[in-house]
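Quick caveat: nothing in here was measured; it's all calculated off a predicted structure. Both counts, for ligands and for their atoms, begin at 1 and track the order of listing.
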Amino acid sequence: MDVKLAESRIKELQNLLNQYNYEYHVLDKPSVPDAEYDQLLKELVALEEQFPAFKTTDSPTQRVGGAVLDAFKKVEHRTPMLSLGNAFNETDLKDFDRRVRQSVGGDIAYVCELKIDGLAVSLRYENGLFIQGATRGDGTIGEDITANLKTIKSIPLRLSEAVTIEVRGEAFMPKKSFEALNAMKEENGEEPFANPRNAAAGSLRQLDPKIAASRNLDLFLYSIADVGATGVTSHSQGLDYLEKLGFKTNQERRRFTTIEEVIEFVQGWTEKRPHLPYEIDGMVIKVDSLDQQEELGTTAKSPRWAIAYKFPAEEVVTILKDIELSVGRTGVITPTAILEPVRVAGTTVQRASLHNEDLIREKDIKIGDYVVIKKAGDIIPEVVNVLPERRTGEEKDFHMPTHCPECESELVRLEEEVALRCINPKCPAQIREGLIHFVSRDAMNIDGLGEKVISQLFQEKLIEDVADIFKLTKEQLLGLERMGEKSVTNLLTAIEASKQNSLEKLLFGLGIRHVGAKAAKTLAQQFETMNRLSQATRDELTAINEIGEKMADSIFTYFENEEVHELLEELVEAGVNMEYKGPKPVSVADSDSFFAGKTVVLTGKLEQLSRNEAKDRLEALGAKVAGSVSKKTDLVIAGEEAGSKLTKAQELGIEVWSEEKMLLELEK
Ligand code: IVH
């Protein structure tokens with residue numbers, strides 16, 4: 001094709017496809033069949049390949065996901081990305097209204113919006129072109145996720161006007177996409193996402209934009225970072241202007257002049273919420289006038305002109321069909337409610353732990369009961385209560401068994417314990433659970449060796465103890481269901497790599513009673529080798545600060561067992577490392593870090609580090625990381641959505657840092 005002709009055809013296709021894309025993803029009104037879109041896109045891809053000079057950054061071909069990144073760049077926000085104060089009930093909303101009216105004169109109008117449950121992003125356009133998108137981070141510094149955001153089809157790559165503007169919104173995963181993604185994950189034996197918000201955040205934090213591209217994310221814009229020269233004087237005008245520029249805004253917003261109307265609207269959405277195609281976790285109420293917003297101003301964290309009303313945890317009613325028993329790694333028998341599948345807070349729930357018999361008695365739960373279910377912390381399903389008024393008389397009492405459901409040995413109730421236990425050390429269920437624990441994340445962390453694969457291997461008698469994991473062969477693994485050449489190779493590589501783990505991972509993985517991940521770390525640091533630990537006396541063990549009598553006893557007894565030594569020998573032969581590789585425990589006197597000797601509490605969602613990573617790094621510098629805030633706390637690190645711990649810290653006047661600030665100090 002002639003260059004001139006190619007150029008004009010490329011331009012034409014880019015415009016046409018951008019238009020179709022806008023109609024489909026922003027207006028929700030497709031004007032051409034998918035097949036036609038796909039065909040035109042194919043033509044454009046081919047032409048741009050042949051004439052790369054005409055490939056522009058706003059071409060629809062740029063949405064498929066480009067090169068894999070090494071890391072995300074940091075982005076400093078030009079205007080900080082604040083968060084919102086919370087309201088949990090009518091009184092809180094009325095208090096907010098009172099504060100607003102006391103601070104500003106004149107009539108007040110509020111805009112009420114849905115609070116989309118995703119993650120906040122900032123988009124920057126220069127001369128109408130999308131040039132950078134970032135996460136909120138700590139509100140001041142976020143991460144550059146432009147490549148991932150470009151894959152979201154409702155984000156315009158070019159605006160209808162050539163303006164320079166920064167806008168803010170919420171990226172999210174629609175319920176349908178979330179379900180499809182989790183179904184696929186489960187099919188592949190992978191851990192599903194707990195909720196659409198985690199799925200959206202996980203997708204946007206992928207270094208390979210092709211993954212984000214496959215995840216069907218979406219985005220609603222809710223504000224202009226700096227109205228500057230836009231001429232906009234109210235929040236609602238701002239939203240209209242965003243629409244005019246080609247952005248997608250949420251259409252469920254309303255403007256009211258009294259708090260009573262606001263409350264009524266909010267209550268209406270509490271009921272309608274389950275019918276939306278995306279998750280919301282509350283409503284946002286904003287003072288409409290920008291002049292009034294300015295008069296009200298902001299606190300360090302959040303504007304005084306807006307508040308987030310948080311919905312109470314969603315509760316639903318379903319039938320408890322049965323109570324199943326499972327045997328844990330330590331022999332504890334746990335009853336689990338088998339429920340008529342029901343959707344709660346974004347996922348379908350069909351099981352809920354009932355913990356122990358006492359809880360079943362306390363709540364008077366019978367098989368066949370109608371029960372109220374909610375998700376604690378919006379993640380773990382639990383039975384709130386039963387509805388005795390809906391009983392028919394057909395419900396059956398539940399009794400804990402006297403014998404292990406798996407190996408049939410008699411169950412015992414140990415002193416001072418609520419739980420019933422199977423104490424047969426050869427109980428297959430305990431062995432299987434122990435194997436699952438051994439490969440889990442905080443233990444040996446063997447990727448690709450999940451619960452399903454372990455269960456299969458165990459059933460096929462390919463592994464009977466943890467040492468057998470290191471003897472697995474390619475042929476054996478290829479014989480398993482759904483194990484292809486590639487996953488077998490990956491799995492064998494992961495097993496091989498785990499041999500190099502530092503001692504504490506192995507120690508935790510062995511599942512010595514009372515030895516959790518934290519104690520395992522302390523033991524590994526103190527004794528440095530498995531050999532030394534195995535020869536430690538009770539006194540040597542209890543001499544360590546964090547090791548009590550009970551744990552010392554358990555460790556001592558464990559290493560007295562001849563079979564344990566045989567197992568360890570097998571592991572050594574397989575090449576499993578038996579030494580501590582991490583940093584030596586820092587005595588406060590040795591560390592010149594800011595954190596040395598300080599008691600630090602982590603709260604809220606951290607974005608850059610996992611909780612455990614943050615903890616490890618702080619401890620390596622001599623900090624003590626505590627679980628709750630008290631007068632003894634020196635410093636609180638507050639991530640996103642920090643709750644009561646943050647409030648308590650503020651009440652006690654304890655210093656509060658963002659994750660970002662902690663990272664800067666850690667890296668000094
Ligand atoms: S306005 C300065 N509007 O909720 C206030 N936020 O802490 C800026 N969110 O992380 C937020 N839907 O990402 C606003 N319609 C909406 C929202 C919304 C969801 C998120 C936001 C922020 C959190 C509030």
Side-chain angles (χ1 to χ4, degrees), residues 77-88 92 96 100 110-123 133-140 142-143 145 149 152 154 166-174 195-198 200-201 204 217-227 234-236 238-240 242-243 247-255 262 265-266 269 273 276 278-288 290 292-294 296-311 346 378 604-607 638-643 646-647 658-659:
H77 300 301
R78 290 165 195 242
T79 24
M81 289 181 80
L82 300 175
S83 61
L84 294 171
N86 289 329
F88 296 99
D92 292 347
F96 166 71
V100 168
Y110 293 114
V111 176
C112 282
E113 293 167 14
L114 304 185
K115 185 169 184 299
I116 314 295
D117 198 8
L119 66 154
V121 298
S122 187
L123 311 178
T135 60
R136 176 174 180 277
D138 67 350
T140 310
E143 283 180 321
I145 51 163
L149 288 171
I152 301 183
S154 56
E166 198 164 310
V167 295
R168 307 263 158 92
E170 192 85 352
F172 64 96
M173 185 178 285
N195 52 47
R197 177 182 16 127
N198 287 5
L204 287 176
L217 300 171
D218 206 341
L219 183 116
F220 286 123
L221 275 295
Y222 55 63
S223 75
I224 302 172
D226 183 358
V227 285
S234 71
H235 176 65
S236 34
L239 293 174
D240 293 344
L242 287 173
E243 274 177 22
F247 288 111
K248 180 161 168 169
T249 62
N250 191 282
Q251 297 303 305
E252 306 297 348
R253 60 180 181 264
R254 295 283 178 281
R255 190 172 181 273
V262 169
F265 186 66
V266 162
W269 273 109
R273 163 188 184 202
L276 283 167
Y278 43 83
E279 290 284 332
I280 59 174
D281 59 340
M283 306 285 291
V284 184
I285 297 104
K286 303 172 183 174
V287 168
D288 196 23
L290 297 190
Q292 287 175 337
Q293 283 190 8
E294 199 170 331
L296 283 155
T298 68
T299 68
K301 276 201 78 176
S302 48
R304 291 198 192 85
W305 45 263
I307 196 158
Y309 171 83
K310 290 283 187 85
F311 292 131
D378 260 0
K605 274 187 299 189
L606 299 185
E607 298 221 322
E640 275 213 65
E641 290 177 23
L646 175 60
T647 322
S658 67
E659 181 185 6

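Using a 4.5 Å cut-off on side-chain heavy atoms (C-beta onward), W269 and E252 make contact.
In plain terms, the two heavy atoms of F172 and D117 that are nearest each other are CB-O, 4.4 Å. Minimum heavy-atom separation, E607 to E659: N-OE1, 2.6 Å.
Around ligand 1, the residues contributing at least one heavy atom under 4.0 Å from the ligand are L82, S83, L84, E113, L114, K115, I116, A120, E170, Y222, V284, K286, P303.
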side-chain contact (heavy atoms from CB on, under 4.5 Å) between E170 and Y222: does it pass, once the steps are laid out?
CA-CA 7 Å; E170 192 85 352; Y222 55 63; 3.8 Å; yes

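Between the side chain of H77 and the backbone N or O of D138 there is no donor-acceptor pair closer than 3.5 Å.
Remark: aromatic rings of Y309 and F88 are distant, center separation not under 6.0 Å.
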